[in-house]
Amino acid sequence: MSTADTTTTRAGAQGRKAPAGERVADWADGRLGIYTLAKGGMRKIFPDHWSFMLGEVCLYSFLIIILTGVYLTLFFHPSMNEVVYHGSYVPMQGVRMSEAFKSTLDISFDVRGGLLIRQIHHWAALVFIAGMMVHMMRVFFTGAFRKPREINWLFGFLLLVLGTFTGFTGYSLPDDLLSGTGVRIADGLVMSIPLVGTYISFYLFGGEFPGTDFVSRFYSIHILLLPGIMLGLVVGHLILVFYHKHTQFAGPGRTNKNVVGMPLMPVYMAKAGGFFFLVFGIIAAISAIATINPVWELGPYRPDQVSTNAQPDWYLGMSEGLFRIMPGWEISFAGHTLVLGVFIPLLVFGAVLTIMAVYPFIESWVTGDKREHHILDRPRNAPTRTAFGVAWLTLYGVALMAGGNDLWATHFHLSVNSVTWFVRISFFVGPVLAFIATRRICMGLQRRDKDKVLHGRESGIIKRLPHGEFVEVHEPLTQEQLHTLTAHEQPRPLALEPEVDENGVVRKVKGTQKLRVRLSKSYYGEDRYVPKATAKEYQEITSGHGHH
Ligand code: HEM
Ligand code: HEM
């Protein structure tokens, strides 16, 4: 503010009026303190790496969803009143349907630009959740969730879960056969919860499913409640990114105490602005070309019809898969039926998500690492974490595959039962194999890094020595590359405290402590890392006679 005052005074003293822009800025600064804010904020440094764009993809697709969603609210009627269709889509003339379905047809066929906006809204939702998954994997595999960013991981995780629910309530709104089938499944899920399930279902649907209320209720949840919470979380998420400063990959001059990169203004602002239009452009182009959710093909929802053509959006395919692979077990007790075939998948779904949500806390407990981390790991240098992430993705992939068991069967002429058995077995075996294979691949890559450090990069040039031997010429790495490949830490596992203390008194070691030490060994034990090349080894080899 003081700078602003000086400028005005100086301009005033010289009898000259400050330019209009400066006067507006002064006025605003006097009330909002924007100079101080901008001074700190606009010069904030952001490190550069392509994978840091993924969070931006989430942000921009979220904005696109909100913009297009507002347009849709102008024409969508969230009502289940029955009407007869007389719009321009001829095959549905005279069909009885809910007002919600009719207004969706109107948006698609009679509202100017309606179909495109509807498609952009839907495609942006798919990209949004895909973006979140990939962004989350970037954060996971590089260890960006470690202290101090655990809370931001939880904020992000909540965004992923809420985004999925918002998508589900969204595609339930048109009240077509797809949405009806999905809501029917959700009702079945809720009802499978012991004791309270039936009551929750009655409460949600205002009586027996489907009732006459669910569209209007889902509507409030879809356009107001969930996006409102999400908006708050996104703002909190970004404030935390700003406050913690962004992480960076290892490199010369980069430490846990600095950030090397470009300033937010003007470099990042320009890049981010351009990138927003790129994301918008790509989503709009896809929406202009590829049909999504053609509600007119399936027709309005009727509780007595179930369409096998109705596939959920991709992010719910995994939960659908869990139901499809589960045997239809049921137990009856004192006149009540517990539908385990639905309830167990519901629990598994919750457990798989919860483990991922609390992973940062599990890892810091196991490794005993309570330090701040601003330098990212390369996934290969944290083999157990990487293997765990790949196992989780495999589980997710198998369940997603199970969600389309009918499609695999029809497209590849297989028996649906064989496909189901294949995914049932893969559900248990797949993640274990993925875990083992990933850990081995990581070790292989670490070995390759060490090799590169000691012997240089394979140049592909073959040379024949005077005595006839053929050798491949290796190019030495630059100092920067050497630094980057050897900058990572190689922590040691936790050790059990001696069971007998210095006074010869036996102390009891708790079971949890033993488990922790065992897990810590699995993270950091001898066979989990290839010792980095030492300076001595390097000198010995490079001072040789270029034998390689
Ligand atoms: C609406 C959804 C989301 C938006 C708009 C969003 C946006 C962003 C942006 C712009 C960044 C900085 C750039 C980058 O690192 O990509 C970021 C960082 C981060 N995000 Fe997200 N994100 C979302 C969802 C998630 C999810 C699902 C997770 C994890 C479960 C997550 C965890 C994080 C963490 C831990 C950071 C800090 C990373 C670092 O400093 O390296 N975010 N987010
Ligand atoms: C993360 C946030 C959101 C997601 C993932 C999402 C997703 C969806 C999806 C998948 C549909 C079905 C579209 C279709 O018919 O094919 C939908 C419908 C709709 N959404 Fe959203 N939406 C979100 C936020 C919003 C917001 C903020 C608004 C309004 C301000 C909104 C308004 C609507 C309306 C009116 C419909 C019904 C119209 C129709 O189905 O064509 N949405 N949403």
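Read the numbers this way: they start at 1 and go in the same order the structure lists the ligands and their atoms.
Using a 4.0 Å cut-off to heavy atoms of Y171, the atoms of ligand 2 that qualify are 9 (C), 11 (C), 12 (C). Of all atoms in ligand 1, listed by their number and element, those nearer than 4.0 Å to a heavy atom of F157 are 30 (C). The F76 neighbourhood of ligand 2 comprises atoms 35 (C), 37 (C), 38 (C), with distances under 4.0 Å to a heavy atom of that residue. Here is the list of ligand 2 atoms found below 4.0 Å of a heavy atom in P227: 27 (C). Near P174, meaning under 4.0 Å from one of its heavy atoms, ligand 2 places the atoms 15 (O), 40 (O). Each of the following atoms of ligand 1 lies closer than 4.0 Å to a heavy atom of M132: 2 (C). Listed by atom number, the atoms of ligand 2 under 4.0 Å from I65 heavy atoms are 2 (C), 3 (C), 4 (C), 22 (N), 23 (C), 24 (C). Atoms of ligand 1 found under 4.0 Å from any heavy atom of V234, numbered from 1 in the order shown, are 1 (C). Those atoms of ligand 2 that come under 4.0 Å of a heavy atom in L173, given as number and element, are 19 (C), 36 (C), 37 (C). Residue N293 has at least one heavy-atom neighbour below 4.0 Å for each of these atoms of ligand 2: 14 (C), 15 (O), 16 (O). Counting atoms of ligand 1 from 1 in the listed order, those under 4.0 Å from a heavy atom of C58 are 2 (C), 3 (C), 4 (C), 5 (C). The contact set between ligand 2 and A125, taken as ligand atoms under 4.0 Å from a residue heavy atom, comprises 5 (C), 7 (C).
Nearest residue to atom 27 (C) of ligand 1 from P47, G156, A272 is G156 (criterion: closest heavy atom). For atom 12 (C) of ligand 1, the choice among K245, H246, R149 with the nearest heavy atom turns out to be H246. When the heavy-atom distances from atom 1 (C) of ligand 1 to F128, F52, F46 are ranked, the shortest goes to F128. The option with the heavy atom closest to atom 33 (C) of ligand 2, from among M230, H77, Q119, H222, is H222.
Salt bridge R96/E82: present, at least one basic N to carboxylate O contact under 4.0 Å. Using a 4.0 Å cut-off between a side-chain N of Lys or Arg and a carboxylate O of Asp or Glu, E489 and R371 qualify as a salt bridge.
Only side-chain heavy atoms of V241 come within less than 4.0 Å of ligand 1; its backbone N, CA, C and O stay farther off. Residue contacts with ligand 1, taken as heavy atom pairs separated by less than 4.0 Å, do not involve L233 at all. Counting heavy atoms closer than 4.0 Å to ligand 2, residue T73 contributes atoms from both its backbone and its side chain. Proximity of H135 to ligand 1, defined as any heavy-atom pair under 4.0 Å, is confined to the side chain (atoms from C-beta onward). Heavy atoms of V139 found under 4.0 angstrom from ligand 1 belong exclusively to the side chain.
Ligand 1 has a nitrogen or oxygen under 3.5 angstrom from a nitrogen or oxygen of H237. At a 3.5 angstrom cut-off on N or O pairs, D313 does not count as close to ligand 2. At under 3.5 Å, a nitrogen or oxygen of R138, whether backbone or side chain, sits near a nitrogen or oxygen of ligand 1. Remark: ligand 1 and G55 share an N or O pair separated by less than 3.5 Å (distance only, no angle test). For ligand 1, the polar-atom distance check finds no N/O of S51 at less than 3.5 Å from any of the ligand's N/O atoms.
Judged purely by distance below 3.5 Å, without hydrogens or angles, the side chains of R146 and S364 never pair a donor atom with an acceptor atom. Side-chain contact of Q248 with N258: a donor-acceptor pair under 3.5 Å is present, judged by distance alone. With no hydrogens or angles considered, a side-chain donor-acceptor pair links D176 and S179 at under 3.5 Å. If you check the side chains of T384 and R439, you find a donor sitting under 3.5 Å from an acceptor.
Between Y60 and F280, the ring center distance fails the sub-6.0 Å criterion.
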Stepwise side-chain hydrogen bond (donor to acceptor under 3.5 Å, both in side chains) check, N152 with H244 = CA-CA 10 Å; N152 220 13; H244 290 143; 4.9 Å; no
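At a threshold of 4.5 Å between non-hydrogen side-chain atoms, the residues P227 and I66 do not count as touching.
Of the residues H483, H49, H488, the one that meets the ring pair (Phe, Tyr, Trp, His ring centres under 6.0 Å) test with F249 is H49.
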